[in-house]
Amino acid sequence: MLQESIEPAWLAAFEAVLARCALKPGDTVAVLAESQSRPVLPELARLAAARLGAQVFSVLLPTVFPASGPAIRSTGASPVLRGIGPVVGALAGSTLVVDCTVEGLMHAPELPAILKGGARVIYISNEHPEALVRLLPDDATEARVKDHVKRLRGAREMRVTSAAGTDLRISLAGAVCGGNWGSTTRPGTMTHWPGGIALAFPAAGSVNGTLVLAEGDVNLTFKRYLERPVTLRIENDYVTAIEGQGVDAELMRSYIAAWNDREAYAVSHVGYGLNPAARWDSLALYDKRDFNGTELRAFAGNFLYSTGANEVAGRHTLGHFDLPLRHCTVQLDGAAVVEAGRLVE
Ligand code: FE
């Protein structure tokens with residue numbers, strides 16, 4: 001549907017985001033891409049960095065394809081760096097890394113070394129630029145995310161309920177909480193664009209209850225709106241039953257089982273969307289190949305539940321579901337931050 005040529009408005013948006021990352025003339029910018037990257041993204045990043053007067057260089061790595069097993073989607077753990085020392089060194093020594101890998105470096109094993117070098121990293125989600133431009137970082141979302149990260153860090157428990165039947169208790173003791181607003185100015189930090197999420201990686205044994213995915217909720221690994229409800233029973237972090245009739249439940253049972261890995265059933269992260277520019281209905285408007293779904297992770301008032309890897313709980317797996325839900329109430333120590341799917345201001 002959409003073409004991937006350079007448009008003036010898209011270049012302007014990239015320039016605005018890099019400027020928001022406090023890029024100055026003479027700074028070094030590494031544009032990291034892989035052979036399967038959407039070509040227009042590193043190209044826009046390279047041109048925008050050059051227009052800001054930065055010293056820009058490109059790193060292009062071959063995409064890594066697993067020899068067997070299920071297709072890997074939306075893990076946020078790009079394997080392309082493969083621990084290659086000179087590459088990690090070049091990225092770590094740069095002022096800014098513009099991460100145009102397909103999955104992103106958020107959970108890549110090399111990320112800590114890159115950040116330790118003092119680089120800041122911005123992952124450009126593998127979206128069509130037309131979507132990125134609609135979701136430019138702004139001051140209000142940045143302030144809102146920072147506020148909610150503070151609240152998450154100060155809370156002992158997250159409780160999530162819904163009219164559809166969700167009733168989850170999540171202990172935040174020992175959780176690592178964070179957030180993203182789409183830009184970063186601090187050395188040694190990472191963000192992603194689009195942003196607008198606050199989330200927690202709970203410690204082991206923190207999540208219990210029932211999660212009901214209702215019609216219209218989303219499985220972003222499949223890039224599908226659910227048409228029939230699916231009920232997940234969760235005991236001490238692990239999904240112990242996936243109940244429901246129809247293809248949505250069947251797809252979830254099938255793909256999660258394909259990993260043949262108990263950790264794929266456990267909680268990865270929990271959080272909620274804080275970006276009023278992000279829309280729940282956008283997935284209906286794009287071809288799947290044009291869409292990586294960060295907009296649906298970020299739309300204001302969602303509850304985002306994810307299964308899969310969670311470093312805080314010491315669990316590693318490649319199976320990952322990101323499940324944005326509408327119409328939930330999210331409480332932190334009894335105070336609602338989201339009320340029936342609406343952000344409490
Ligand atoms: Fe996720």
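Ligands are counted one by one from 1 in listed order, and the atoms in each one are counted from 1 as well.
- Excluding water, every protein N/O/S atom under 2.8 Å from the Fe ion (ligand 1) is given here by residue and atom: His269 NE2, His320 NE2, Asp322 OD1, Asp322 OD2.
- A side-chain donor-acceptor contact under 3.5 Å links Glu110 to the backbone of Gly83.
- Side-chain atoms of Thr307 come within 3.5 Å of backbone atoms of Phe321 as a donor-acceptor pair (strictly under, hydrogens ignored).
- One N or O on the side chain of Asp237 and one on the backbone of Gly205 form a donor-acceptor pair closer than 3.5 Å.
- The salt bridge (charged side-chain N to carboxylate O under 4.0 Å, His left out) test with Glu295 singles out one residue from Lys223, Arg279, Arg134, and that residue is Arg134.
- Phe57 pairs by the ring-ring contact (aromatic ring centres under 6.0 Å, His included) definition with nothing, not counting sequence neighbours.
- Between atom CG of residue Leu96 and atom CZ of residue Arg120 there is a gap of 6.0 Å, rounded to the nearest 0.5 Å.
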